[in-house]
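Attaching a single structure in structure tokens format; questions to follow.
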Amino acid sequence: MRQALKAGVLIATACIPLLVQGQWKWRDAEGRMQYSDRAPPRGTADKDILTRPAHAPLRLVAESPSTSAASSPQGKASSPAEAARRASEPASVHPNKADEARRQQQRSDNCHRAQEYARTLDEGQRVQRVNAQGEREFLDEGQRSRERDKARQVMDAECS
């Protein structure tokens, strides 16, 4: 009897981290902390989402159209050497230095999220989504494969 009780407590204790993994934590529009097992409502700024589950789908930060083609005079992405040269220029020569730093941070965040998501998919962890009817469903192998491809595309684009 006593061993069964110990085993039950041990199993319950081992399951606690699994329950916590699915928790979201974010700051709502009025500044209050919110906790839920569901994603925050659409329109919640990414900076306000403080904790997300490991299996959370990618939520990329969109780059503004004016910056995507204007990264270099020819409309091509700049090389690392070009980026280093521009970073060493004084602010008066490059007035959008703060914007560029913000874009770099967004790219870094997107890269990190894509790497985490790809790792989750590669490790075989069960990934679930909420469908249009509000029901949870797990990804099948075909969906996992498509998600891996998407994550790899994001990593190719954002992790360079």
Side-chain angles (χ1 to χ4, degrees), residues 1-71 75-78 80 83 98-160:
M1 179 72 164
R2 204 171 193 154
Q3 289 179 335
L5 180 62
K6 286 181 182 179
V9 169
L10 181 64
I11 290 171
T13 304
C15 291
I16 290 173
L18 297 175
L19 297 173
V20 174
Q21 278 184 344
Q23 293 297 309
W24 290 85
K25 177 180 170 184
W26 73 94
R27 193 174 314 279
D28 66 10
E30 288 137 20
R32 292 184 306 230
M33 296 302 292
Q34 299 292 325
Y35 302 87
S36 177
D37 61 342
R38 295 183 183 213
R42 290 200 186 276
T44 302
D46 202 42
K47 67 177 178 67
D48 291 332
I49 300 174
L50 306 174
T51 306
R52 66 181 79 230
H55 65 274
L58 291 176
R59 184 170 152 180
L60 299 179
V61 179
E63 189 172 328
S64 64
S66 63
T67 61
S68 59
S71 59
K76 299 177 187 173
S78 61
D99 289 341
E100 187 170 333
R102 183 181 46 80
R103 284 192 301 276
Q104 283 299 107
Q105 183 62 44
Q106 288 173 345
R107 286 183 58 137
S108 175
D109 291 347
N110 289 342
C111 174
H112 182 69
R113 275 192 214 97
Q115 288 171 336
E116 283 183 4
Y117 191 49
R119 192 175 310 117
T120 297
L121 292 167
D122 290 341
E123 290 174 353
Q125 294 180 22
R126 293 181 73 184
V127 178
Q128 65 182 356
R129 292 223 171 118
V130 177
N131 64 17
Q133 292 79 30
E135 302 164 334
R136 291 181 184 189
E137 56 188 20
F138 291 96
L139 297 181
D140 62 23
E141 217 27 66
Q143 292 168 321
R144 290 176 73 85
S145 177
R146 287 188 294 276
E147 288 296 308
R148 270 189 214 101
D149 292 342
K150 285 182 195 176
R152 301 247 188 277
Q153 288 173 351
V154 171
M155 288 187 318
D156 288 344
E158 303 291 327
C159 297
S160 56

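Numbers here are sequence positions counted from 1.
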Counting C-beta onward and ignoring hydrogens, is there a side-chain heavy-atom pair between Asp37 and Arg136 closer than 4.5 Å?
yes

Test log, rule salt bridge (Lys or Arg N to Asp or Glu O under 4.0 Å), inputs Lys150 and Glu147:
CA-CA 5 Å; Lys150 285 182 195 176; Glu147 288 296 308; 3.4 Å; yes

If every non-hydrogen atom of Pro40 is compared with every non-hydrogen atom of Trp24, which pair is closest and at what distance?
CD-CE3, 3.4 Å

Return the set of residues passing side chain to side chain contact (heavy atoms under 4.5 Å, CB included) with Ser108 (not counting sequence neighbours), or none when no residue passes.
none

Looking at every non-hydrogen atom in both residues, tell me the closest pair between Tyr35 and Trp26 and how far apart they are.
C-CZ3, 4.4 Å

Heavy-atom pair with the smallest gap, counting every atom of Gly124 and Arg144
CA-NH2, 3.3 Å

Determine whether Arg102 and Asp99 make a side-chain contact, defined as any pair of heavy atoms from C-beta on separated by less than 4.5 Å.
yes

Pair Thr51, Gln23 - check side chain to side chain contact (heavy atoms under 4.5 Å, CB included), show working.
CA-CA 7 Å; Thr51 306; Gln23 293 297 309; 5.9 Å; no

Any non-hydrogen side-chain atom of Arg107 less than 4.5 Å from a side-chain atom of Asn110?
no

Here the disulfide (SG to SG under 2.5 Å) pairs for residues 114-149, sequence neighbours left out, are none

Between atom CE of Met155 and atom CD of Gln115, what is the distance when rounded to the nearest 0.5 Å?
6.5 Å

Test side chain to side chain contact (heavy atoms under 4.5 Å, CB included) applied to Asp140 - qualifying residues, sequence neighbours left out
Gln143

With sequence neighbours left out, write down each residue that passes side chain to side chain donor-acceptor pair (under 3.5 Å) with Glu141, or none if nothing qualifies.
none

Suppose we screen for side chain to side chain donor-acceptor pair (under 3.5 Å). Which residues come up paired with Arg152, at least two apart in sequence or across chains?
Asp122

By salt bridge (Lys or Arg N to Asp or Glu O under 4.0 Å), which residues pair with Arg32, not counting sequence neighbours?
Asp28, Glu30

I'd like to check the side chain to side chain donor-acceptor pair (under 3.5 Å) partners of Gln153; sequence neighbours left out, ordered by chain and number.
none

Is the backbone N or O of Leu139 less than 3.5 Å from a side-chain atom of Arg129, with the two atoms forming a donor-acceptor pair by type?
no

d(Gln106 CD, Asp109 CG) to nearest 0.5 Å is 8.0 Å

Taking only residues two or more places apart in sequence or in another chain, which ones pass side chain to side chain contact (heavy atoms under 4.5 Å, CB included) with Asp48?
Arg27, Thr44, Ala45

Residue pairs, two or more places apart or on separate chains, that pass disulfide (SG to SG under 2.5 Å) and touch residues 115-160
Cys111-Cys159

